[in-house]
Structures are given as structure tokens and as C-alpha cells.
Amino acid sequence: MTDASVPQNVAPPPAEVEDVELYHAHSWLTKYVFCQDAKVIAIQYAGTAITVGVLALVLSWVIRLQLAFPGAIPFIDASVYYQSVTMHGMIMVVYMLTAIFLGGFGNYLIPLMVGARDMVFPYVNMLSYWVYLIATLVLVSSYFVPGGPTGAGWTLYPPQSILTGTPGYDYGIILMLVSLILFIVGFTMGGLNYVVTVLQARTRGMTLMRMPLTVWGIFAAAVMALLAFPGLFVACVMLLLDRTLGTSFFMPSLVELGERKDYVGGSPILFQHLFWFFGHPEVYIVALPAFGIVSDLISVHARKNIFGYRMMVWAIIAIGVLSMVVWGHHMYVSGMDPWFGFFFAVTTLAIAVPTALKVYNWVLTLWHADIHFTTPMLFALGFLVTFVNGGITGLYLGNVIVDVPLSATLFVVAHFHMVMGIAPVLVIFGAIYHWYPKITGRMMDERLGKIHFWITFLGAYAIFFPMHYLGVLGMPRRFYEMGETAFVPASAATLNIVITVIALAVGFAQSIFFYNLFRSLKYGAPAGGNPWRAASLEWQTPETPPGHGNWGAHLPVVYRWPYAYSVPGAPEDYLPQNAPPMSGEHSP
Amino acid sequence: MSVMGLFFIFIFSVAMLWLARQGVFESPWLEEGEVTHRRRAAGTEPPPAAKVGLAIFLAVAGCLFSLLTAAFFMRGDAPDWQLPPIPGILWFNTFVLAASSVALQLALIAARRGEFERVKTALLIGAATAGLFLIGQIWAWRELLELRFFASSNAANAFFYLLTGTHALHLVGGLVALARTTDKVRGAGRVTRALTTSVELCAIYWHFLLFVWLLMFAMLIGWADGFGVVCRRLLS
Amino acid sequence: MSIAIVMVLVVAGSILFHVLSPWRATPIASNWGFIDDTMGLTFLVTGAGFVAVILFMAYCLYRFRHEPGRRAAYEPENQKLEAWLGIVTTIAVVILLAPGLLVWGQFITVPKDAMEIEAVGVQWNWSFRLAGVDHQLGSSDVRYIDTTNSLGLSPADPKGQDDLLVTSGELHLPLGKPVKVLLRSIDVLHDFYVPEIRAKMDLVPGIVTNFWFTPTKIGEYEILCAAYCGTGHPQMRGKMIIESEADFEKWQTAQQTFEQSRKSDASRDTRASAQ
Ligand code: HEM
Ligand SMILES: [Cu+2]
Ligand SMILES: [Cu+2]
């Protein structure tokens, strides 16, 4: 391909994977279970993540029932309540969202979208899933040990998390820490794969600035996760040593329930630094893939290029870099040196600028568009509302002095559910409706999809929007029961009941989704290769669902960016990335 | 935390430079046709995926060690902090690890020249010295434990075990990779390109671990106290 | 199409909820009105942003919905517009940040004449310590904790002997005088939180943290713990009573000093062992 007739600016591609020996499955076991094909691993990741996600959803009912009807449900006591809160939070954030965005969508979409045959290290990729599965099993197994799972809160703050006043201090906390350590090991294997695949296995013509924003988002998130998870890793290992060997990394001298412990000199705040060094980037590890996916959903279903692609890429990079230096906004009232408050408030509010630019560009993409209200599009729009809503309350909590009254209240709970609970979950649903035809070859039912959307979107908004006001009122989070409190009016209890009823309804409504998901496997309308008439590469595979190796005999060659929708002069309202240029010659 | 700061400034400047070279900050992103980036036109070959993978893994491991270092200095502020005496064998171990690194570098040079027998010997020497280092580390642990410097008696002791242990585990992982490389060498019977790459990766990893060890050792014997003071200044 | 209407309804409903909601911040009882003001400003700026973005979106959804024959415009970017939006957003952020940082500056500069008191958290109740006649608090350490010295005051420190110990969980403070609350925990993290005074701060075992405020309204307020501290966390309550200077003096004289409490405990112990 490099003969003299080719113009100078036609360079060899960043990498060709043509010569890579593809992994071949030899038996049923290696084809479906210990499979090294990224697409199968993706489904395994997503399936596991959704399964534990449902567990976490059920736990949220336990929490909500207790908050609405304190003491009325016999099996919920303080321990069960705190165990539920902890497992709910940890599963949702780490085992569900992180795993599904990076392990699920990352594995499925990266190779297809950049035109690769597979991840670059398929064996490591497979290991990554199995380690993740073991991690979740270890986590769930804490329900079966004496004392049950830990009730330390998902932040696991010492000294409380390993002392007797907390449920599950005996075995639950150990299993939680071991599980997290395993998760991080597994994730690092996967993360290396996602990053190196994007760097090395892009097909001919797929320059960085021609990658779909989904890939950009997942790529940036994977890089951040690789750098952030070591923080959690170190924190977990050290806390585990404090718990098992009696070291004093985080444990100061203390007297617990009248008993003097042997710890000396440790620093609880050090744990918080390490935890949030991971914890804040974690928010963006979940958000960036969602940003990317939503950009693609909006562009495809509005039949218009994403507005300001370059700005979108820069914003992703800026957010990624900045979000590594804002972790202190979770610690404004932690007792750390208050001078840090200035620094972290500035960096935190600075992130608002690139984030807002992304929002503007999504909305501006709708300007002069040709908007099809498909189910994926509806979910993308739902994301915009919840994300903007959750984003602006972030400005309250980031602005250090405003955080002082609001921290540790239900305002915080409402904020982070809007911005990193509901918003990304809506994107996950949208993405599943969008890519399901590629994954299975069949469409999901649109009518059921729309019903599912309306209940989920409006319900979730109705759950979490009013919750902010309980926080402003001053109701603290992680309160098993409010009890008699002078400043809390009786109407607050009524609101809590309303929220719980809606939460239960929204939870049960998810069965519509699962029904649709499984039914469409068999009865869905056949989708064809490209039902949404989308331009990006994954829709141009020779087979649907894509076969092993994705691309048949030859890798695709990319001629343009992935957002060539409604290009003037083009016969159709989209130009696939791999369709040769219209005039048949290179533009300079 | 300033350790983390330095580390991140380094990582991010590398990333930004790279992104700039990839054309992320340039305008012609809407052009059509089979173009890749102009700077690639020289036809330089891209590095093998495994090498890029290793580079990124080193960034992750670097992040891990920087965080441990940051934690070391932050915890070192407390009045109860008392570094344990340094077992003399650590000096010997340092020397052995350096020798191991040199051996792998020699293996790489030999591989590039195609001298098969030399590669084999150098790899074996590298593996043996690395193994010796690990045994030496265990020895150091035993010595400290016999002197009753337990992890639970002072956080500085705990950091000693944690840091050296983490480093040793990384080296064990490296030894597995090295064993597979040596195996490949035996099987191949001559120097191939894939083999040179494997040797190169091992050598890079070894140098990284040596570098980490030297910093860590300096910290443990207290040479880095001055640095810790600077950190604290920056923090407060 | 219906989504455009629903978006408008969501915005209208949110505003309506905000206006009609009976759940508002408690009436403020300290000098931190600036915090409320900053929050109000934040609400105006961000609320306007929210309404503008969502309404604009709803308009687009309505105006550019798919109809036969419609074709979208091709508009890769508009750098001028993006730059303007960036500048406007930056200005909005600065408007929020500047007052926020100023007030934070006040929050962390404790007035020189502030009265120092100590709040001690232990699973799951509050105790307090006030300086005695010497206006100074004695030193403390968990090492000294035993049955007769539950707060771990240093028995040897002369400054601590006259310290007033309040173990009933009821703290009295005089109106209008700045108070610096020193926070000390004996076991795990806690957080001193009275919604009406807006300020809060964590108690961290091993170190002493602090914050300050000036009570501005006579009344009785509930002290909660705002850092999860184990199963008893919601039950960890105390009372803060703001009263006139005179009432406060009267209350103060009725409290036991450290010295007295040691003596009475010791005599009780000797009596107990004598029996
Ligand atoms: C409809 C679904 C959901 C409902 C009804 C729900 C409800 C709740 C409730 C009531 C709490 C306890 C608040 C308190 O401490 O008083 C909570 C905590 C939490 N939730 Fe959710 N949640 C849902 C989905 C999610 C999702 C998708 C995420 C993912 C980010 C998430 C992450 C968390 C976290 C991190 C906590 C904090 C746990 C802790 O305090 O340790 N939740 N949730
Ligand atoms: Cu954060
Ligand atoms: Cu508490």
C-alpha cells in the first residue's frame, strides 16, 4: 500500500492489526464461558453488572421503606439499614456503573468503533472479567458470614469502619476490602486493554480526531481509572492491615465503648485523602463514558453532526485532567487544613466550565436538526435534564462555604443521585436500546421502551428533586430514623412516604425493560445491519451481530469523521465513516 | 501529596505532548480521505502493543508507589513515628538488584546483536540475581522481626513492610514474565524479533523497579527526610 | 413531540415546587447569614441557567422535530459562539466563587476575642467543656481516660482543674459572643451539626478541629451528629441553649469543675470499696 503513487500525506496507519493471530475458540466452554472475544466478555461484564445492580436496587427499597415507615418493617433494624446503604452505594458505584461502562460498553464498542478485530490483549481481557466476577462473589458472600456485610457506609471511613459500633466489623469489612482489591486488579487488566487498543489498534485512517466521542469518553475514563484506582487500592490494603494485623496507618489512639485500643497515631484524614483521590475521579469515570455515548445518541437520532466536536474532545480531556485535583471538595468539613478549601473550590468550579460547554454543545446539536423521538433519543434527552439539574447542585456543594451547611445532608444524596446515579443509568438504558440491534440483530420494542422511559425518567426526577429540599431543611443523610427532631416538620415524613412509593414504582417498572430485553431476543423485529442509519464504524460490519474478528477479510478504511450527517450534497442524510469520498479523490 | 503532584505533572505533560502530536489541537479535522496524521508520514513504525501496554502499566505502578510515598510522608508527621533500623543486608540487596538490571540490559544488547548464547546467560544471571534479591528481602524482614520491630508496634515499621512487600510483589510478577521469556529463548534457539521485544520489556521493567527501589531505600533510611520537610512546608 | 411539552412542565413544576415547598432552611440563629446569601445567589444564577438550557432544548425539540422532508443543517462548529458561551459561563462561575471564597475566608479566621469551648464526641453522645475561672482549657489525651475521667483531661495540668465539665449533653452559650468550638473525638469520626447555625465541622480522633460562630437568637437548638459513626448515629443528640449573658453566668456557676468531679467520684469510690 505504500507505492510511490500515493501522495505524501497518505501515511501508514497508526497500526495495522491484520497480522495479529486471532484467538479461536475450540469448544463450547471457550466460546461462551472462557472466551477471549471482547464482544462476549462485554456481555458477561454487562450481565454481571446488571445482576448486582438489581440487587442494589432491591437494597434501595429496603432503605426507602425504612425512611418512610421507620420501625414498621420488622426485619429492618439499624444494622440491616446501614448494611443496605453501604452495599447499595458500593455496588451501584463500583460494581455496577464502572463495570458496565468500561467492561460492558468499553469491550463491545471500542474494537468495533475504531475498526479493530479485538482488544489487543484478549487473554488479559478474559482474566479481567473473571477476576471481576470473583470480586462480586466475594462481595455478595459477605451476606453469608457471621455479622453480615459491613455497614460502614460506602466511604468505609476508619476508625468507625473497623470498630465494633459498626455492623459487619468482624468479617464483612474484610470481605469488602478484599473484594475491592480484587476488583481493582481485574479492572487494571481491562483498563490496560481499553487504553492500548485505542492507542494501537485503530484501523487505517482512524485518527484520534476521527474517533466517535463514545470512544473518547471511554478512553479518557479508562486512563483516569488507571490512575485513580491505585488510590483506593492503597487505602484498602492499608485499612485491611489495620484491621487484621493491628497496624496504625489510619487508626489513632482511641477508647471505644470504654475499651482502650492498641492503635496509636494513625490519621483518619489520610484515608479520606486516599479514598477521595479515587472517589472523585470515579464520578467522572462513570460520567465521561456517559458523556460520550450521549453525544453519539443525540447526533444519530437528530440526524446532525455533534456540534463542536473539537470542543467536546478538549472538554473531555480538560475534565479528565482537572478531576484529578478536586478530590478535596468531599472534605471541606473533614478537619483538613481549611486553606485547602480555597484551592479545591477553585478547581471544582473550574470543572464546571468545560462541563457546561459540553451541555451547550449537546443542546446546540438539536438546533436545525431533524429530531427523531426514538427510545434512545428520549433517554438521551432525559439524561440532559437530570444531568443539568444534578450539575448545578454540584455548584452549591463545590463552592466551599455553601457546602458547609449542606454537606452530609439529603441535599448531597439528591445531588449525587441526579448526577451520577440517574443520569448515567438513563444513558445505559438509552445505549442498550440503541446498540441492541447490533448486538442481537433484532430491535427492541419501541412502545414498551417509551413506557419504560417515561416512568423511569419522570419517576426518578420525582424521587430526587424534592429530596434536595429535605437537605436544605437540614435532614442529615445516613439517618436510620429521624426520630423526634424539633426542626423537622411532620410534612417531611409525608414527603418521605411519597418518595418511597415512587421509588418502589420506578423499581418495579424496570421489569418492563427486562421483559422487553428478553422478549426481543426472539420476537423483536429483524434489525438489519444499520437500523438507525448511523455513520460510525460499528454499524458497518459485514455481519450483524458482528462475527468473530468483526470485519471479515479486510479491515475497514476510514475516510472521514463519524458525524457526517446531513452533509450538503450527499445522497443520503448520513455518510458512513468507511464510505470512499464522494468525488473519489483526497481533499488536501 | 506533592509527590503525587510531581508525578501527575509528569504524566500529564507526556500525555499532552502526545495528544498535540496526534493533531488533537489542530484544525483540519473535517477533511475527507484516507489521511492519517502528517507527522506520521515519515513512515516510522509504531511501537509494539506490548511495549505501549508496559508503558501504561508503569504509569499505573508509578501512581501506586507515589501514593504510598505520599502516605508515608503524611503519616510520618505524627509524633509516634519512628523509622526502624535498616538491616545491613539491604545494602547488599541494592547492589544485587542493580546487578540484575545490568544483566538484563546486557541481555538486551546481546539480543539486538543477535548473540543467542549471551542472551541466554544474561537472562539467567538476571533471574538468579533477582531471586537473590527477593531472598535478601525476606532475610531483612526476618531480621527486623527478630528484633521485635512488628508492623503493629509502629506505623513506620508497617510502612517498611508495606513498601518493600509491594515492591517485592512487583518483582515476583516480573520474574514470571522473565521466566516466560527465558522459556521462549530456549524454544526459539535463535534470536527473533519477538524475543528481542520480550527481553526489552523485561529490561525496562527491571530498570523501573530498580529506580523505585532506590527512591524507596532512600526514604526508608531517612535520607528523604529533607524532602518530607519540604512537602510539609508546601502543604501547610 | 410530547417530550418538548414535558420538558416545559418539568421546568415549570420544579419552579412551582421551589416556590410552594414548605421545606426550607431553618430560621438562622447565628452570624452566618452570608452563607444563606451565597446560597441564594447560587440558586438565582444556576436556576436561571437550568431554566434557560431546558427551555431552549424544549424549543428545539418542538421546532426541529422530524417531519417528512426535513433535513438537518450541517454545522460542525461555531468557534465564536462556543467562545462566547465559555466566557459567559466563566463569568457566572466567578460570580458564584468570589463571594463564596470571601465568606470562607471569614469562616476560617476566628476572631481573637472568641470564647473557647470544647465539644467532645463519643459513641453516641455529646459532652462539653468550658474554661473555668482562668479562661483557659487544660490539655487532654485519650491516655488519661478512665471511669473518673471520661473526657481524658490531663490530671497534672493546672489549667484543667477549674474546667467546667458538662456531661448532660446540654450546652449553654451566651447570646452575641463569638464562640470557637474546639472539637475532639474519643473514638470515631463525628460531626458537630446544628442546622440553625449553618456551620458544621468533623470531630477527628487524634486531632482537635474547630470552627466558630456567634449565636444571634435566643432559643433551644438540637445538636446532631453529621458524620456516620455506627449504628447509634441518629441517636447522638445534644442540646444547645442560647441565652442572655446573665442566664449563662448562672448556668455556668452550677456546673462541676474537673477537680470537683474527681473528688466526688473518688469519695464515691472509697465509699463503695469501704462497704
Ligand atoms: C431508583 C434508584 C435508587 C434509589 C431509590 C436510591 C436510594 C438511595 C437512598 C435512600 C440512599 C440512602 C441515603 C441516606 O443515607 O439516607 C442511597 C444511598 C446511596 N446511593 Fe442510591 N438509590 C438509587 C440508585 C442509585 C444509583 C444508580 C447509584 C449510583 C451512583 C446510587 C448510589 C448511592 C450511593 C453512593 C449512596 C450512598 C451510600 C452511603 O451513604 O454510604 N444509588 N440511595
Ligand atoms: Cu467529587
Ligand atoms: Cu454520628
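What's counted below: heavy atoms across the whole structure, side chains too, no hydrogens, waters or symmetry copies. Each chain gets a letter, A, B and so on, in the order its sequence line appears, and its residues count up from 1.
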Original post:
Out of C:Val93, C:Leu97, C:Val142, C:Val204, which one racks up the most heavy-atom pairs below 4.5 Å with chain A?
Top reply: C:Leu97
**OP:** Answer yes or no: is there a donor N or O on one side and an acceptor on the other, between the side chain of A:Asp370 and the main chain of C:Phe64, under 3.5 Å?
**Re:** no
**OP:** Identify the heavy atoms of A:Tyr469 and C:Phe17 that sit nearest to each other, and give their distance.
**Re:** CD1-CE2, 3.4 Å
**OP:** Check each atom of C:Phe211 against the heavy atoms of chain A and say whether the ones under 4.5 Å are side chain, backbone, both or neither.
**Re:** neither
Subject >> Per-residue contact mode, A:Ile306 against chain C (heavy atom under 4.5 angstrom) >> reply: backbone
**OP:** Using the six-membered ring wherever Trp is involved, compare the ring planes of A:Trp561 and C:Tyr74 and label them parallel, tilted or perpendicular (cut-offs 30° and 60°).
**Re:** perpendicular
Original post:
Is there a side-chain contact (heavy atoms from CB on, under 4.5 Å) between C:Glu75 and A:Thr365 once you walk through the steps?
Top reply: CA-CA 9 Å; C:Glu75 192 188 16; A:Thr365 302; over 6 Å; no
**OP:** Report the C-alpha distance between A:Met482 and C:Leu224 in whole Å, list the side-chain angles of each, state the deciding distance to 0.1 Å, and finish with yes or no for side-chain contact (heavy atoms from CB on, under 4.5 Å).
**Re:** CA-CA 10 Å; A:Met482 206 56 223; C:Leu224 292 88; 4.0 Å; yes
Original post:
How many angstroms lie between atom CE of A:Met331 and atom CG of C:Asp202, to the nearest 0.5 angstrom?
Top reply: 9.0 Å
**OP:** Measure the spacing between CZ of A:Phe487 and OH of C:Tyr221 and express it to the nearest 0.5 Å.
**Re:** 13.0 Å
Original post:
OG1/C:Thr38 to CG/A:Asn399 distance, rounded to the nearest 0.5 angstrom?
Top reply: 7.0 Å
Subject >> Segment of C:Thr42 engaging chain A (4.5 angstrom heavy-atom cut-off) >> reply: both
Original post:
Between A:Phe307 and C:Glu82, does a side-chain contact (heavy atoms from CB on, under 4.5 Å) hold up when you go through it step by step?
Top reply: CA-CA 10 Å; A:Phe307 180 80; C:Glu82 288 173 81; 3.9 Å; yes
Subject >> C:Asp191 side, atom CG; A:Ser334 side, atom OG - distance, nearest 0.5 Å >> reply: 10.0 Å
Original post:
What part of A:Val359 is in contact with chain C, defined as an atom under 4.5 angstrom from a non-hydrogen atom: side chain, backbone, both or neither?
Top reply: side chain
**OP:** Please examine the side chains of C:Leu61 and A:Phe373, heavy atoms only from C-beta on, and report whether any two atoms are closer than 4.5 Å.
**Re:** yes
Original post:
Got C:Tyr193 and A:Val333 here, is their nearest side-chain heavy-atom distance under 4.5 Å?
Top reply: no
Original post:
Ignoring hydrogens and geometry, is there a side-chain-to-backbone donor-acceptor pair from C:Lys200 to A:Ala408 under 3.5 Å?
Top reply: no
**OP:** Against chain C, label A:Thr409 side chain, backbone, both or neither, depending on which of its atoms sit under 4.5 Å from a heavy atom there.
**Re:** side chain
Original post:
How about C:Glu77 and A:Met311: do any of their side-chain heavy atoms sit closer than 4.5 Å?
Top reply: no
Original post:
Is it the backbone or the side chain of C:Arg143 that comes under 4.5 Å from a heavy atom of chain A, or both, or neither?
Top reply: both
Original post:
With a 4.5 Å heavy-atom cut-off, do C:Ser14 and A:Tyr461 have their side chains touching?
Top reply: yes
**OP:** Locate the shortest heavy-atom distance separating A:Ile401 from C:Gly100; write the atom from each residue and the value.
**Re:** CG2-O, 3.4 Å
Subject >> Pairwise side-chain contact, C:Asp187 with A:Glu259, heavy-atom cut-off 4.5 Å (strictly under) >> reply: no
Original post:
Which atoms of A:Asn305 come close to chain C, meaning under 4.5 Å heavy atom to heavy atom: side chain ones, backbone ones, both, or neither?
Top reply: side chain
Original post:
To the nearest 0.5 Å, how far apart are CG in A:Asp403 and CD1 in C:Ile35?
Top reply: 10.0 Å
**OP:** Go through the atoms of A:Phe465 and report whether side chain, backbone, both or neither lie under 4.5 Å from a heavy atom of chain C.
**Re:** side chain
Subject >> Contact origin within C:Ile54 toward chain A - heavy atom pairs under 4.5 Å >> reply: side chain
Original post:
Using a cut-off of under 4.5 Å for heavy-atom pairs, which of C:Gly206, C:Ala25, C:Ser2 has the most such pairs with chain A?
Top reply: C:Ala25
Original post:
Which answer fits A:Ala356, side chain, backbone, both or neither, if we ask what part of it has an atom under 4.5 Å from a heavy atom of chain C?
Top reply: side chain
Subject >> Winner by heavy-atom pair count (cut-off under 4.5 Å) against chain A, out of C:Glu220, C:Glu196, C:His18 >> reply: C:His18
Original post:
Are C:Leu189 and A:Gln272 side-chain neighbours, meaning at least one heavy-atom pair lies under 4.5 Å?
Top reply: yes
**OP:** Return the minimal non-hydrogen interatomic distance between A:Leu395 and C:Leu96, and the atom names on each side.
**Re:** CD1-CD1, 4.1 Å
Subject >> Derivation of the side-chain contact (heavy atoms from CB on, under 4.5 Å) call for C:Trp32 and A:Val404 >> reply: CA-CA 11 Å; C:Trp32 291 122; A:Val404 170; over 6 Å; no
Subject >> Greatest number of heavy atom pairs closer than 4.5 Å to chain A - which of C:Ser21, C:Cys60, C:Gly152 >> reply: C:Cys60
Original post:
In terms of heavy-atom proximity below 4.5 Å to chain A, should C:Thr209 be classed as side chain, backbone, both, or neither?
Top reply: side chain
Original post:
Can any side-chain N or O of C:Arg71 pair as donor or acceptor with the backbone N or O of A:Val567 at less than 3.5 Å?
Top reply: yes
Subject >> Point-to-point distance, once rounded to the nearest 0.5 Å, from CZ of A:Arg478 to SG of C:Cys229 >> reply: 11.0 Å
**OP:** Please flag which part of C:Pro234 lies under 4.5 Å from any non-hydrogen atom of chain A: side chain, backbone, both or neither.
**Re:** both
**OP:** Say whether C:Gln235 and A:Glu481, considering side chains only, have a donor N or O and an acceptor N or O under 3.5 Å apart.
**Re:** yes
Subject >> Residue part contacting chain C, namely of A:Tyr157, when any heavy atom lies under 4.5 Å >> reply: side chain
Subject >> Over all atoms of both residues, closest heavy-atom pair of A:Val472 and C:Arg24 >> reply: CG1-C, 4.3 Å
**OP:** Go through the atoms of C:Glu222 and report whether side chain, backbone, both or neither lie under 4.5 Å from a heavy atom of chain A.
**Re:** side chain
**OP:** Check whether any side-chain heavy atom of A:Tyr480 lies under 4.5 Å from a side-chain heavy atom of C:Thr231, and answer yes or no.
**Re:** no
Original post:
Which heavy-atom pair separates A:Pro338 from C:Trp104 by the least distance, and what is that distance?
Top reply: O-NE1, 3.1 Å
Subject >> Interchain contact, C:Leu81 with chain A, by part (heavy-atom threshold 4.5 Å) >> reply: side chain
Original post:
Considering only heavy atoms, which portion of C:Pro205 lies under 4.5 Å from any heavy atom of chain A: side chain, backbone, both, or neither?
Top reply: both
**OP:** Go through the steps to decide whether C:Tyr228 and A:Thr166 satisfy the test side chain to side chain donor-acceptor pair (under 3.5 Å), and finish with yes or no.
**Re:** CA-CA 10 Å; C:Tyr228 175 56; A:Thr166 302; 5.0 Å; no
Original post:
Side chains of C:Val53 and A:Leu384: does their closest heavy-atom pair fall under 4.5 Å?
Top reply: no
Subject >> Contact class of C:Val6 relative to chain A, heavy atoms under 4.5 angstrom >> reply: side chain
Original post:
Side chain, backbone, both or neither: which part of C:Asn78 has a heavy atom under 4.5 Å from chain A?
Top reply: both
**OP:** Examine the side chains of C:His233 and A:Tyr82 and answer whether a donor and an acceptor come within less than 3.5 Å of each other.
**Re:** no
**OP:** Against chain C, label A:Asp77 side chain, backbone, both or neither, depending on which of its atoms sit under 4.5 Å from a heavy atom there.
**Re:** neither
Subject >> Non-hydrogen atoms of C:Met7 and A:Val385 that approach each other most closely >> reply: SD-CG2, 3.2 Å
